[in-house]
**Student:** 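I have a structure here, written as structure tokens, and I will follow up with some questions on it.
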Amino acid sequence: MDDLDWEAHRPAVFGAAYRLLGSVAEAEDVVQDVWLRAEAADRSDVTDQRAWLVTIAARLAYNVLRSARVRREAYPGPWLPAPLPTGGDMAERIAVDDSVSTAMLLVMDELSPPERVAFVLHDVFDVPFDQVADVLGKSAAASRKLASRARRRVADAREQRPKASRAERERVLAAFRAAAEDGDFASLVKLLHPDAVYVADGGGKVVASRRPVLGAERVARLLARITEHYGVERVAPVEIGGEPALATYRDGRVVWVDTVEIEEDGRITAIQRVANPEKLSHI
């Protein structure tokens, strides 16, 4: 095999690890480990560098993912994936599709670790099932069944959550931004679906709701109260996981990132707020 073309394949390696772990920091650790292992390995029999590297990443991430399930039980409050900036040239560096959106990462988080690995490797990165089987320690047939189950779960979620067009999402998000900055309760209520849900991940590091908040009025009241109590320097549009999102700044730093789900009629059905500073340090 020719010399390792690491820079060409690094986005896929990071992309696989992030989709499996939902953590930028842990994905970067996996990338570093893959690099060290790949440099030290005998690559004479490798015919597809991308698939080989992604498979190494998946094997490492699979081990982390299984232990993460145990750590997650002790996590203070709701867990959300770390926001992944994808605007500008970041898209090319990360290989963006809807499987890195917050909504889909939360769906995949409900899968078992083997289902998630099978789905990401095969459906996202086109890794053959015999290689998926090597990662999971199962047969190719069993790996195919795992991917099929995961695929159905993901498809069901997409069908149940039809989203607005990109232009409509940007319009609604701009209105939400203005209302959030002003602490405008009435405007926030109008933008929210009656059954809207607000989920905040403070990781025990900052004050955040330990349980989801349900209902347009309750969510709007909470958002307005947070703005009034803490004050904000500015709220800026960003792209997170390929989707329009908002970053809120105070004292020159990002204090939380909001990703939202917007249905076809333009109402916000879910707000996911990451305020855990450990998950924002890369932004």
Side-chain angles (χ1 to χ4, degrees), residues 9-38 40-41 50-84 94-95 97 99-154 156-157 199 201 203-205 241 272 274 276 278-279 282:
H9 301 302
R10 188 188 186 286
V13 173
F14 175 85
Y18 177 75
R19 286 168 174 85
L20 289 171
L21 300 172
S23 166
V24 172
E26 289 179 335
E28 290 288 6
D29 288 344
V30 167
V31 168
Q32 187 65 23
D33 205 351
V34 171
W35 158 253
L36 294 173
R37 292 179 184 229
R50 180 178 181 272
W52 180 67
L53 291 167
V54 165
T55 301
I56 296 174
R59 184 174 288 111
L60 295 170
Y62 183 37
N63 293 333
V64 176
L65 186 62
R66 287 182 291 185
S67 65
R69 290 298 174 115
V70 177
R71 287 185 281 117
R72 192 78 55 78
E73 293 177 0
Y75 194 80
W79 177 93
L80 292 171
L84 179 64
I94 296 168
D97 59 27
S99 65
V100 294
S101 71
T102 300
M104 291 314 302
L105 285 171
L106 289 172
V107 171
M108 289 197 291
D109 192 56
E110 296 175 358
L111 305 175
S112 70
E115 288 172 338
R116 191 164 180 170
V117 170
F119 176 79
V120 169
L121 277 182
H122 183 266
D123 285 45
V124 179
F125 290 97
D126 298 318
V127 174
F129 277 119
D130 57 344
Q131 290 177 248
V132 177
D134 287 341
V135 173
L136 296 177
K138 301 180 181 294
S139 68
S143 299
R144 187 176 290 107
K145 288 180 180 178
L146 288 167
S148 178
R149 284 205 300 268
R151 193 179 305 122
R152 286 196 299 271
R153 295 274 296 279
V154 170
D156 287 346
V199 178
D201 178 347
K205 311 293 182 182
Q272 295 102 8
V274 176
N276 182 346
E278 293 181 353
K279 295 185 177 184
H282 60 282

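Note that the coordinates shown come from a computational prediction; the quantities given were computed from them, not determined experimentally.
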**Student:** Give me the atom names and distance for the closest heavy-atom approach of Leu53 to Ala38.
**Tutor:**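 Heavy atoms only, the tightest pair is CD2-CB, 3.7 Å.
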**Student:** How far does CG of Leu36 sit from CD1 of Ile56, to the nearest 0.5 angstrom?
**Tutor:**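 Interatomic distance, Leu36 CG to Ile56 CD1, rounded to 0.5 Å: 11.0 Å.
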**Student:** With sequence neighbours left out, what residues match Pro128 under side chain to side chain contact (heavy atoms under 4.5 Å, CB included)?
**Tutor:**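 Testing Pro128 for side chain to side chain contact (heavy atoms under 4.5 Å, CB included), a comparison that skips the adjacent residues, returns Asp130, Gln131.
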**Student:** Ignoring hydrogens, what is the shortest heavy-atom contact between Ala61 and Ala17? Give both atom names and the distance.
**Tutor:** CB-CA, 4.5 Å
**Student:** Using the side-chain hydrogen bond (donor to acceptor under 3.5 Å, both in side chains) criterion, which residues pair with Asp123? Sequence neighbours excluded.
**Tutor:**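 Applying side-chain hydrogen bond (donor to acceptor under 3.5 Å, both in side chains) to Asp123 gives Arg151.
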**Student:** What's the shortest heavy-atom distance between Arg66 and Pro113, and which atoms?
**Tutor:** CG-CB, 4.1 Å
**Student:** With rounding to the nearest 0.5 Å, note down the distance linking CD in Glu110 to CZ in Arg116.
**Tutor:** 10.0 Å
**Student:** What's the shortest heavy-atom distance between Trp79 and Leu106, and which atoms?
**Tutor:** O-CD2, 4.2 Å
**Student:** Is there a side-chain contact between Leu105 and Tyr18 in this structure, where contact means two heavy atoms from C-beta onward sitting under 4.5 Å apart?
**Tutor:**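 SC-SC contact between Leu105 and Tyr18 confirmed.
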**Student:** Applying side-chain hydrogen bond (donor to acceptor under 3.5 Å, both in side chains), name anything that partners Asp201, two or more places apart in sequence or on another chain.
**Tutor:**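 Asp201 satisfies side-chain hydrogen bond (donor to acceptor under 3.5 Å, both in side chains) with Tyr75, Lys279 once adjacent residues are dropped.
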**Student:** State whether the side chain of His9 and the backbone N or O of Val54 hold a donor-acceptor pair below 3.5 Å, judged by distance alone.
**Tutor:**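 No, His9 side chain to Val54 backbone: no donor-acceptor pair under 3.5 Å.
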**Student:** Look up atom CG in Leu21 and atom CG in Asp109, then write down how far apart they are to the nearest 0.5 Å.
**Tutor:** 10.5 Å
**Student:** Could you tell me which residues satisfy ring-ring contact (aromatic ring centres under 6.0 Å, His included) with His122, sequence neighbours excluded, listed by chain and number?
**Tutor:** Phe129
**Student:** Closest approach of Ser143 and Ala118, non-hydrogen atoms and distance?
**Tutor:**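 Closest heavy-atom pair between Ser143 and Ala118: O-CB, 3.8 Å.
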**Student:** Could you tell me which residues satisfy side-chain hydrogen bond (donor to acceptor under 3.5 Å, both in side chains) with Ser139, sequence neighbours excluded, listed by chain and number?
**Tutor:**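 Testing Ser139 for side-chain hydrogen bond (donor to acceptor under 3.5 Å, both in side chains), a comparison that skips the adjacent residues, returns none.
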**Student:** Quick one: list whatever passes salt bridge (charged side-chain N to carboxylate O under 4.0 Å, His left out) with Asp156, sequence neighbours left out.
**Tutor:** none
**Student:** Could you work out, with side-chain hydrogen bond (donor to acceptor under 3.5 Å, both in side chains) as the rule, every residue matching Thr102, not counting sequence neighbours?
**Tutor:** Thr259
**Student:** Before giving the answer on side chain to side chain contact (heavy atoms under 4.5 Å, CB included), spell out for Phe125 and Arg19 the whole-Å C-alpha distance, their side-chain angles and the decisive distance to 0.1 Å.
**Tutor:** CA-CA 11 Å; Phe125 290 97; Arg19 286 168 174 85; 3.7 Å; yes
**Student:** Which atom names give the shortest non-hydrogen contact between Pro83 and Val24, and what distance separates them?
**Tutor:**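 Nearest pair, atom of Pro83 first, then Val24: O-CG2, 3.9 Å.
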**Student:** Got a sec, which residues hit salt bridge (charged side-chain N to carboxylate O under 4.0 Å, His left out) with Arg50, two or more places apart in sequence or on another chain?
**Tutor:**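 Result, salt bridge (charged side-chain N to carboxylate O under 4.0 Å, His left out) vs Arg50: none returned.
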**Student:** Would you please say whether a donor-acceptor pair under 3.5 Å links the side chains of Arg59 and Thr55?
**Tutor:** no
**Student:** How many angstroms lie between atom OG of Ser101 and atom CE of Met108, to the nearest 0.5 angstrom?
**Tutor:** 7.5 Å
**Student:** Mind checking what makes salt bridge (charged side-chain N to carboxylate O under 4.0 Å, His left out) contact with Arg144, not counting sequence neighbours?
**Tutor:**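 With sequence neighbours excluded, Arg144 shows a salt bridge (charged side-chain N to carboxylate O under 4.0 Å, His left out) to no residue whatsoever.
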**Student:** Leu20 pairs by side chain to side chain contact (heavy atoms under 4.5 Å, CB included) with which of Val64, Val30, Val117?
**Tutor:** Val117
**Student:** Restricting to pairs with a member in residues 22-35, which pass salt bridge (Lys or Arg N to Asp or Glu O under 4.0 Å), not counting sequence neighbours?
**Tutor:** Arg10-Glu28, Glu26-Arg71, Asp33-Arg37
**Student:** The criterion is salt bridge (charged side-chain N to carboxylate O under 4.0 Å, His left out); which residues satisfy it with Lys205, sequence neighbours excluded?
**Tutor:** Glu278
**Student:** Holding to side chain to side chain contact (heavy atoms under 4.5 Å, CB included), I want the full list of residues that pass it with Pro114, two or more places apart in sequence or in another chain.
**Tutor:**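 Pro114 satisfies side chain to side chain contact (heavy atoms under 4.5 Å, CB included) with Tyr62, Ser112, Leu136, Lys138, Leu146 once adjacent residues are dropped.
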